[in-house]
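Beneath this line is the structure, given in structure tokens, with notes to follow.
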Amino acid sequence: MTPDTSPDLSSKRAPLPAPPAAPSAAAIPCAAAPSAATATSTATATATSTATEAAHKVIAPDIAPATEAGRPDAAGRPDAAGSPDAAGRGPSTGRLVGIDLARGLAVFGMYAAHVGPDPAVGGPLGFVMELARGRSSALFALLAGFTLVLITGRPHPRTGRAGRQAVARMVIRSLVLIALGFALTALDTEVDVILAFYGLTFLAVLPLYRLRARTLALLAAAGAFVMPQVLYVTRLSIEEGSWADTVVAWDPLARLGDTDGFMELLFTGEYPVLTWMSFMLVGMAVARLDLTRNAVRTQLVLTGGALAVLGYGGSWLALRLVPHARASVAAATDGDSGASAWWSDTVGYIVDDTPAAWLLVGAPHSQTTFSILGNTGVALLVVVLCVTATDRLPRFRRLATPVRAVGMTALTAYVLHILAIREFGMADETGPALVDLLVHSLVAMLLATAWTRWFRRGPLEQLLHLSTRPARSLR
């Protein structure tokens, strides 16, 4: 579930200033059910003004953008993000340490979603497992947007030759991630590999890299409210028509493997670009802010909390206020009674015609407005918590080193995880599944900690970095 998102701006620093080389970040059949359509659009519209106001508050133009340029690290060396003429004032290196930690937590969340116990076991264990479902991949997408800004220029976008080279690097990374994603999908594991989706999402949002934080946040909000409805209608059209089959038949990506190619990446897959762009846009907006400022952190916490309440709470309320909404969702899915559809994937997958009431669901993988708002809120809270904890608690920062190391080698950790699943499979019982999760996590921390002790990038991160060298030839 993760593209290469571990930036070169990590706890390992180069002795001389150098541009950041941040690695890049990872189908519900539809049929008509117009009975709840009017109530659905009304319930969704009630959340619009609140979220838009939140976007204005947290991503205000008067907030100074963050920069790592020229800041010395703990050893007194210049920050790797700095340029020779960079000013010494800027966010401390703890900003990126916190981002590494958040990415590491997202890796473990992905492990839990893939090999951990089923959330249906209930209790504290089931609650923790449920938190990882969908929300960890959303966190990765947000951090991928942060990384895109690191590559293309932070605090100010690169221009001229440097800008063209940065864009070319992102394009190359995106294409490599798409290819790697399809290669891992060809292994035929039970995992919905997210790399190809992330790669195409990078390409979709790359033209926006020069925009200000406020503009990016407003675009993310607009996407969260518009794109799920567009996706629903598109999937309905795909289900009822044959045009998608024609597109797939001519799609070169579909011919390369047992997938639906671009149709799957854009519309019918588990992480459709159409709805996942919003997460990446939010990450790009956050990267434009000065995370050293307490006011900015406070605004992000308030915004994250408001979005989580608006998303999950709004779904909970809508499912109860709209007549027969929960019954319609429960009848169309293979999970529980629909009571948990406002926040949990235990609602199950669509097995019948998708009702319009599905747009009121807030479950992490439901691809609805409510799910995007809720997942984004949780992701923002995790990022701010990690950044603040690593900045203010030196002992915690040291204790979190193994998790940070996993975050620095996220692409390698993800690919090895998929290969391990291909080789050993996934346990079904709760006890063995919990053991699997612990083994995957411990092995990842041991390998990542040992590797990052001597190298700045993970093995696959380094290969991805080397693949972008042709971009240097651009003039």
Side-chain angles (χ1 to χ4, degrees), residues 2-10 12-14 17-26 65-71 79-83 86 90-91 93 95-96 98-100 102-103 140-178 180 195 198-213 216 277 279-289 291 383 407-411 456-458 460-474:
T2 151
D4 171 26
T5 54
S6 50
D8 292 345
L9 306 179
S10 60
K12 294 282 184 178
R13 301 292 176 185
S24 54
T67 173
E68 284 77 30
R71 183 79 176 201
D79 191 321
S83 58
T93 56
R95 302 292 75 72
L96 293 172
I99 296 300
D100 283 336
R103 192 180 299 109
F140 265 114
L142 187 147
L143 293 172
F146 195 102
T147 298
L148 187 151
V149 170
L150 288 179
I151 294 175
T152 56
R154 180 178 188 250
H156 305 296
R158 293 187 175 90
T159 58
R161 178 187 175 190
R164 291 190 293 273
Q165 290 178 341
V167 169
R169 287 169 57 199
M170 280 304 310
V171 171
I172 294 173
R173 289 171 184 268
S174 301
L175 295 176
V176 171
L177 288 174
I178 292 173
L180 183 57
L195 293 181
Y198 274 7
L200 189 58
T201 307
F202 270 131
L203 294 177
V205 302
L206 182 57
L208 309 175
Y209 81 95
R210 292 186 179 183
L211 298 181
R212 297 168 62 90
L216 290 167
M277 287 190 299
F279 297 123
M280 206 168 284
L281 288 171
V282 171
M284 294 169 67
V286 172
R288 293 281 178 222
L289 303 179
L291 297 180
V383 168
M408 293 166 60
T409 58
L411 179 63
R456 293 179 61 196
R457 303 184 184 94
L460 293 183
E461 284 78 5
Q462 178 64 24
L463 291 177
L464 187 61
H465 171 70
L466 293 176
S467 72
T468 66
R469 283 192 172 181
R472 298 180 181 179
S473 62
L474 287 181

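No hydrogens, no waters, no symmetry mates; every other heavy atom, side chains included, goes into these values.
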Is a side-chain donor or acceptor of [X] paired with a backbone partner of [Y] at a separation under 3.5 angstrom?
| X | Y | result |
| --- | --- | --- |
| Arg457 | Gln462 | no |
| Arg154 | Thr147 | no |
| Glu461 | Ala410 | yes |

query = Checking side-chain contact (heavy atoms from CB on, under 4.5 Å) for the pair Ser467/Leu464: CA distance, chi angles, key distance, verdict?
reply = CA-CA 5 Å; Ser467 72; Leu464 187 61; 3.9 Å; yes
Quick one: pull up [atom1] in [X] and [atom2] in [Y] and give me the separation to the nearest 0.5 Å.
| X | Y | atom1 | atom2 | result |
| --- | --- | --- | --- | --- |
| Leu177 | Leu200 | CG | CG | 11.0 Å |
| Leu148 | Arg169 | CG | CZ | 10.5 Å |
| Leu460 | His465 | CG | NE2 | 14.5 Å |
| Arg469 | Ile172 | CZ | CD1 | 12.0 Å |
| Asp100 | Met408 | CG | CE | 5.5 Å |
| Arg164 | Thr159 | CZ | OG1 | 9.0 Å |

Val205 and Leu216, any side-chain heavy atoms less than 4.5 Å apart =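 No; the side chains remain at least 4.5 Å from each other.
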ask   = Can you tell if the side chain of Leu150 reaches within under 4.5 Å of the side chain of Ile99, non-hydrogen atoms only?
value =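 With C-beta onward as the side chain, the pair stays apart.
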Write down the atom of [X], the atom of [Y], and the distance for their closest heavy-atom approach.
| X | Y | answer |
| --- | --- | --- |
| Ala168 | Leu474 | CB-CD1, 3.3 Å |
| Ala204 | Met277 | CB-SD, 3.6 Å |
| Ala144 | Met280 | CB-CE, 3.8 Å |
| Ala213 | Arg288 | CB-CB, 3.6 Å |
| Gly199 | Ser174 | O-CB, 3.3 Å |

message = Run the side-chain contact (heavy atoms from CB on, under 4.5 Å) test on Val176 and Thr468 for me, step by step, so that the C-alpha distance in whole Å, both residues' side-chain angles and the decisive distance to 0.1 Å come before the verdict.
response = CA-CA 10 Å; Val176 171; Thr468 66; over 6 Å; no
request  = Applying side-chain contact (heavy atoms from CB on, under 4.5 Å), run through Leu291 and Phe146 and close with a yes or a no.
outcome  = CA-CA 12 Å; Leu291 297 180; Phe146 195 102; 4.0 Å; yes
task = Go through Tyr209 and Val167 one step at a time and tell me if the side-chain contact (heavy atoms from CB on, under 4.5 Å) criterion holds.
result = CA-CA 9 Å; Tyr209 81 95; Val167 169; 3.6 Å; yes
